[in-house]
Structures are given as structure tokens and as C-alpha cells.
Amino acid sequence: HHIKIYINVFIALAILTLVTVAVSYLEVSFIEAFFIAITVATIKGSLVLCYFMHLISERQAIIWLLVTTFVAFLILLFIPLISLTDQVGGW
């Protein structure tokens, strides 16, 4: 049962790799090619994480990890703002 899933994921990864290579030959702007490549890479990474690293069955751990990452991102985003407003004669 699991082997069939792994083979299907492998086939999907191979097809998405071909899509990534095909995007490099398209006559599109750099921004369009970049977003297509990032989208394909995100899908491929998600497949690897979910199936080969068995994270698809650990939803609660993933949710807590994402929430923690988002909070850390917000803190790091606002640290320069705090230091900017803390200067003498700010704004």
C-alpha cells in the first residue's frame, strides 16, 4: 500500500522536475519564471516533507511549528522598527 504512494510521489517529483526545466526554456520575463519556479519548488518540497519524511500524519506538530515560526518572524521584523523609534530625536 505504501509503496504505491511512494511511487506516485516519485513520479510527481519527476514530472515537476521536467516542468522546472521546461520553465527555463519559456520566453517569459524573469519575474514570471521566478514565481513559476518557486511554486514548483514549493510543491516538490511539500511532497518530500509530507510523504518521505512522514509529516503528513503529524498535523499538530506542524501547526505549532508554523505558529512559532510566524511569531519569530514578526519579532524579527519589528526589531529594526523598535530601534529606529528608540533613537534620540526620532520621527
Can you hop from [X] to [Y] via hydrophobic side chains spaced under 4.5 Å?
X	Y	answer
I31	I38	yes
I7	I15	yes
F73	I79	no
V19	F35	no
L47	I56	yes

Decide yes or no for V23 and V40: does some side-chain heavy atom of the first lie under 4.5 Å from some side-chain heavy atom of the second? no

With side chains defined as the heavy atoms from C-beta onward, is the minimum distance between L66 and F70 less than 4.5 Å? no

[X] atom [atom1], over 12 foreign heavy atoms within 6.0 Å:
X	atom1	result
F52	CZ	yes
Y6	OH	yes
I3	CD1	no

So how far is it from [X] [atom1] to [Y] [atom2], rounded to the nearest 0.5 Å?
X	Y	atom1	atom2	value
E32	E27	CD	CD	11.5 Å
T69	W64	OG1	CH2	12.5 Å
I63	E58	CD1	CD	12.0 Å

List the steps, then state whether side-chain contact (heavy atoms from CB on, under 4.5 Å) holds for T20 with I36. CA-CA 8 Å; T20 304; I36 292 170; over 6 Å; no

Only one of I5, L13, N8 passes side-chain contact (heavy atoms from CB on, under 4.5 Å) with Y51; say which it is.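 Option passing the side-chain contact (heavy atoms from CB on, under 4.5 Å) with Y51: I5.
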
